[in-house]
Amino acid sequence: MSQLTFLGATGQVTGSCYLLETSNSRILLDCGLFQGSKSTELQNEIPFTFDPASIDAVVLSHAHLDHCGRLPKLVKEGFKGQVFSSEATFPLLELMLKDAAHLLLRDTEWENKRRERAGKPLLQPLYTLEDVEALLSLRQAIPYNESRQILSDIDASFHEAGHILGSSIVQLEIQEPDQVKTLVFSGDLGNPNAPLLRDPAIITKADILLLESTYGDRDHQPLDNTLKELRETLHDAAQSGGNVIIPAFAVGRTQDLIYWLGKLQREGAVPQQQIFLDSPMAIGASQIYADHAHLFNIDDPEFTRVAPNGWQAWLSGLRYSETAEDSMAVNRITGGAIIIAGSGMCTGGRIRHHLKYNLWRHNAHIVITGFQAEGTLGRTLVDGKKATIKILGSEVNVAAKIHTLGALSAHADQSQLLQWAGHFEQPKPRLYLIHGEKNAALSLQTCFHRSGWNANIPKPGDSISF
Ligand SMILES: [Zn+2]
Ligand SMILES: [Zn+2]
């Protein structure tokens, strides 16, 4: 008998973490950060409900922080086992966690200055770079589609999830005295329309299935509409002489954008001569993507031919802006450029400087390419209700045109989730909907019920036996 406890990304999208206890082993599936509002993020400070030293291993679905971002805390508090992931997750994990440690330290220092002045006790960061280094030394990579024994009674295999580079559907085979039980954890499932990565692998057998439900209540816009709008935006910006500013997530979205821009450039639809990637994190991630070009989709022969020569060969005019001086030089460009920078929801990073320098210009275009959470500057821009916005201490008039592109999601939508799950053979696995807000999970549950499949929505802290 084994037991599974739902600890995070349960009834919400972030904080992915599940504890599996078999007769011989205790393992965690993911150990991610809670992200979003202040009250959500406070959950990161709460002690684990288990003793980290008692965990034998972690199996990690992918390198997004909401799946891996609490791993250094786990190590800081006594975990000494190994962390298994796919090969491409291995380098991305380093990039993501080192950046996270820097930001945690910076935010803590900032908060402590305030506290010092107010005579309040000082805070410690959630973890430090040393904790990240300790965690990274525990990494073990397993190639896609190879089964490995990771503990005495558990074999693990990783299968393409098509969400970001290295993202995996995790399959665990649990050896019991008289039988083998299979648990499949979807991780974050990709959007089959995404250009670079292969589609999520089809799995047909499981006893237990944990399925993400981020977009369980809706389907994405058709891709053609989105590309048409991008084409028109680039054309209009060139006509009016302004810049095109694109806030983008460093891992995945940025690389997809560079792909589409290269594609449009081949059609003659990118009049801009200068395209800046103004984000050290996105430059690092793009390099890791390029190093793993063998994992790319092979649908596009032209891209397959050019990709080994790097992104700048694929998208001519692409320039990497690494240093703060490089970035400030880009700030001074008043028109004719495409500028891609982070953070994806405009909550920090260099994009805020570009918005400060461009948002008030009538001829500038801001292109929003991803989900914008409530309370973020990106969401304020999308909602379009404010005539002026405060950025970096300045009052800035919103005169630029704001575009929202709906089809570039890195997640499967409702129809795609149902289609993927539809490949499981009878008897259908016991199904648990995770990694989704309440309405998304409920809506997906209704769809499964209609097709005669009972879908459960666990609550945080619930345990199941199997
Ligand atoms: Zn993800
Ligand atoms: Zn996620």
Side-chain angles (χ1 to χ4, degrees), residues 6-18 28-37 40-41 43-44 58-71 85-86 88-93 95-97 99-100 158-170 184-194 196-201 210-217 220 248-256 281-282 285 288-289 292 295 342-345 369-373 408-414 416-417 420 432-438 440-441 444 458 460:
F6 297 87
L7 298 173
T10 302
Q12 60 173 312
V13 172
T14 65
S16 183
C17 190
Y18 310 94
L28 281 187
L29 293 168
D30 288 352
C31 190
L33 271 182
F34 292 98
Q35 295 176 301
S37 68
T40 303
E41 291 187 356
Q43 295 178 77
N44 295 317
V58 175
V59 174
L60 178 63
S61 67
H62 66 291
H64 270 152
L65 285 180
D66 62 313
H67 296 257
C68 70
R70 274 188 300 161
L71 282 171
S85 75
S86 72
T89 296
F90 200 95
L92 279 176
L93 193 61
L95 183 78
M96 300 298 271
L97 290 180
D99 186 66
F158 295 83
H159 307 273
E160 175 67 75
H163 164 69
I164 61 167
L165 189 76
S167 63
S168 306
I169 300 160
V170 175
V184 171
F185 168 41
S186 73
D188 287 359
L189 274 190
N191 172 357
N193 282 328
L196 292 175
L197 301 176
R198 294 179 190 141
D199 292 354
L210 308 185
L211 177 65
E212 72 121 316
S213 56
T214 317
Y215 283 91
D217 56 348
H220 301 316
F249 300 101
V251 182
R253 185 58 38 82
T254 291
Q255 294 74 34
D256 283 357
M281 172 93 159
I288 295 170
Y289 265 67
H292 294 81
L295 295 175
S343 69
M345 298 192 201
T369 61
F371 179 75
Q372 306 293 314
L408 300 183
S409 174
H411 285 271
D413 64 19
Q414 184 188 65
Q416 293 161 344
L417 287 167
W420 182 80
Y432 295 87
L433 303 181
I434 51 162
H435 197 289
E437 285 172 7
K438 196 174 163 204
L444 191 62

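Since the structure is predicted, the reported quantities are computational estimates derived from the model, not experimental observations. Atoms within a ligand are numbered from 1 in the order they appear, just like the ligands themselves.
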Atom name, H435 (N, O or S, nearest to the Zn ion (ligand 2)) | NE2
Hey, is the Zn ion (ligand 2) within less than 2.8 Å of some N/O/S atom on H163?
-> no
Counting distance only, does the side-chain N/O of H163 pair as donor-acceptor with the main-chain N or O of A410 below 3.5 Å?
-> yes
Can you tell me if an N/O/S atom from D188 lies under 2.8 Å from the Zn ion (ligand 2)?
-> yes
Would you check if the side chain of Q255 reaches a backbone N or O of A250 as a donor-acceptor pair within less than 3.5 Å?
-> yes
Atom of H64 closest to the Zn ion (ligand 1), considering N, O or S atoms = ND1
Any chance the side chains of H67 and D188 put a donor and an acceptor closer than 3.5 Å?
-> yes
Could you pull out the atom name of the N/O/S atom in D66 that is nearest the Zn ion (ligand 2)?
-> OD2
Using 2.8 Å as a strict upper limit, say whether an N, O or S atom of H411 approaches the Zn ion (ligand 1) that closely.
-> no
Check: N191/S409 side-chain N/O donor and acceptor closer than 3.5 Å | no
Enter the distance from L60:CG to S85:OG here, rounded to the nearest 0.5 Å.
-> 5.5 Å
